[in-house]
S.K.: 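Can you keep this structure in mind? I'll have questions shortly.
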2 protein chains.
Amino acid sequence: MTAIAPDGSNVDLRLEALVTDLIGRVADKWTMIVLDVLGEAGTLRFTALGHAVRGISQKMLTQTLRQMERDGLVIRTIHPVIPPHVDYCLTALGHGLGDAFCGVWEWAADHRDEIEAARRAFDQRP
Amino acid sequence: MTAIAPDGSNVDLRLEALVTDLIGRVADKWTMIVLDVLGEAGTLRFTALGHAVRGISQKMLTQTLRQMERDGLVIRTIHPVIPPHVDYCLTALGHGLGDAFCGVWEWAADHRDEIEAARRAFDQRP
DNA sequence: CGCCTTCGCTTACCATTGGTAAGTAGGCAC
DNA sequence: GTGCCTACTTACCAATGGTAAGCGAAGGCG
């Protein structure tokens, strides 16, 4: 079941590496939260997003949004007015990822207590 | 629908903050990859895990595993022999998270090409 | 005219995080 | 005694992220 590519490398391993790499870039805290917020709000401006994503710095917000835009997850629309007006919404790809990640949010909400209990137990060990 | 707690804070907001916090700790690159590897392999020793999780440093592996153990996601079993023998496997909680995150792996595998295309398009803009 | 405000950034500086590589424990084979 | 085994620590350095300040261009205000 291990196909070999023309260059001699293992295709399955290469694919796995690529997917793992992709997960590495996408599975980060801020990306997931921005994805969730935008998924629920539809369209938001930069500052509104900044308030909705509690705790994010402007720097990380711009950085995260740029990365998401580059990955085709969000669309950035600039309205050329003064003061500037820029808004963000998810692409179909972004919605897809949001839906895929939805299960994790549900899991987190459902098992919050268990995790807190596990932590307390762990912290009280000899 | 916004219940108010005895201390006056908004319960929905507090819950949301807690869940967001939890996502922040759990939605990190290495945790997700370790979760996946352990989910597929069942039980692995420290060094085997280190080889399976390509690119992780020993330091981050110990750190990630400790955190996951604290959160009740993995069980760490020490066999008191020399040289040391320690193995790791997922708890039910860990399997649950792995299953919840499974959708994201599938999404990543399915949309890899679209993302790469989006990146190329982005990188070639004026 | 000059000054302040607004919004979406960008930048300089510093703290925290993560990678690299070397060390440690402790028994067992040589 | 020397070296090897594994699962870590640790010291040191590079990269990442937070904080806070600045910027640019138009419009309102005195």
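Please read all numbers here as calculations on a predicted model, not as lab measurements. Residue numbering restarts at 1 for every chain, and letters A, B, ... go by the order of the sequence lines.
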S.K.: If you restrict it to nitrogen or oxygen atoms, what contacts under 3.5 Å exist between nucleotides 14-17 of chain D and the protein, and what is each distance?
M.R.:
residue	atom	partner	partner atom	Å
D:dG17	OP2	A:Gln63	OE1	3.4

S.K.: Does B:His51 have any ring-ring contact (aromatic ring centres under 6.0 Å, His included) partners at least two apart in sequence or in another chain, and if so, which?
M.R.: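 Testing B:His51 for ring-ring contact (aromatic ring centres under 6.0 Å, His included), a comparison that skips the adjacent residues, returns none.
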S.K.: Is there a chain of hydrophobic side chains (I, L, V, M, F, W, Y, each step under 4.5 Å between heavy atoms) that links A:Leu15 to A:Val26?
M.R.: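 Same hydrophobic cluster.
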S.K.: Return the residues of residues 74-86 of chain B meeting this criterion: a heavy atom under 4.0 Å from some atom of DNA chain D. Order them by number, or give none.
M.R.: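 B:Arg76, B:Pro83, B:Pro84, B:His85, B:Val86 - these, ordered by number, are the residues of the stretch whose heavy atoms sit under 4.0 Å from the strand.
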S.K.: Under a 4.5 Å cut-off applied to non-hydrogen side-chain atoms, are A:Val104 and A:Met32 in contact?
M.R.: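 No - every pair of side-chain heavy atoms lies 4.5 Å or more apart.
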S.K.: Going by the angle between their ring planes, with limits at 30° and 60°, are B:Tyr88 and B:Phe46 parallel, tilted or perpendicular?
M.R.: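 B:Tyr88 vs B:Phe46 ring planes: tilted.
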S.K.: To the nearest Å, give me how far apart OH (B:Tyr88) and C1' (D:dA7) are.
M.R.: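 B:Tyr88 atom OH is separated from D:dA7 atom C1' by 8 Å.
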S.K.: Need the bend value for the helix from C:dC1-D:dG30 to C:dC30-D:dG1: angle between end axes, 5 pairs each end, nearest 10°.
M.R.: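 For the helix from C:dC1-D:dG30 to C:dC30-D:dG1, the axes at either end differ by 30°.
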S.K.: Evaluate the side-chain proximity of A:Arg54 to B:Glu16: yes if any heavy-atom separation is below 4.5 Å, no if none is.
M.R.: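 The answer is no; the side chains never approach within 4.5 Å.
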S.K.: Could you check whether any side-chain heavy atom of B:Arg25 comes within less than 4.5 Å of a side-chain heavy atom of B:Gln67, counting everything from C-beta outward?
M.R.: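 Contact flag for B:Arg25/B:Gln67 side chains = no.
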S.K.: Determine the interplanar angle of the B:His111 and B:Trp107 rings, folded into 0 to 90°, and report it as parallel if under 30°, tilted if 30 to 60°, perpendicular if over 60°.
M.R.: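 Taking B:Trp107 first and then B:His111, their aromatic rings sit tilted (interplane angle of 30° to 60°).
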S.K.: What class does the angle between the rings of A:Phe101 and B:Phe101 fall in, given that below 30° is parallel, 30 to 60° is tilted and above 60° is perpendicular?
M.R.: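 Correct class here is perpendicular.
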S.K.: Answer yes if A:Leu44 and A:Val81 sit in the same cluster of Ile, Leu, Val, Met, Phe, Trp and Tyr residues linked by side chain heavy atoms under 4.5 Å apart, and no otherwise.
M.R.: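 No: no chain of side-chain contacts under 4.5 Å links A:Leu44 to A:Val81.
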S.K.: Whole Å only: how far is the CD atom of B:Glu69 from the C1' atom of D:dC8?
M.R.: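 Those two atoms, CD and C1', are 13 Å apart.
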S.K.: Does B:Arg45 put a side-chain nitrogen or oxygen below 4.0 Å from OP1 or OP2 of D:dA7?
M.R.: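 Affirmative; the distance criterion is met.
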S.K.: Could you tell me the boundaries of the chain B footprint on DNA chain C, defined by atoms under 4.0 Å from its heavy atoms?
M.R.: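 Contacts span C:dG18 to C:dG27, reading 5' to 3'.
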S.K.: With sequence neighbours left out, what residues match B:Trp30 under ring-ring contact (aromatic ring centres under 6.0 Å, His included)?
M.R.: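 Checked B:Trp30 against ring-ring contact (aromatic ring centres under 6.0 Å, His included); zero matches.
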S.K.: Taking the side chain as everything from C-beta on, heavy atoms only, tell me whether A:Asp28 gets closer than 4.5 Å to B:Lys29.
M.R.: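 No; the side chains remain at least 4.5 Å from each other.
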S.K.: Base, sugar-phosphate or nothing for A:Thr62? Non-hydrogen atoms, less than 4.0 Å.
M.R.: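 Counting heavy atoms under 4.0 Å across all strands, the contact made by A:Thr62 includes a base.
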S.K.: Count I, L, V, M, F, W, Y as connected when their side-chain heavy atoms are under 4.5 Å apart, and connections chain through other members. Are A:Ile78 and A:Val74 then in the same cluster?
M.R.: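 Yes; tracing contacts between hydrophobic side chains, which count when under 4.5 Å, links both residues.
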S.K.: For A:Leu38 and A:Glu40: C-alpha separation, side-chain torsions, deciding distance, then whether side chain to side chain contact (heavy atoms under 4.5 Å, CB included) applies.
M.R.: CA-CA 5 Å; A:Leu38 271 185; A:Glu40 285 185 4; over 6 Å; no
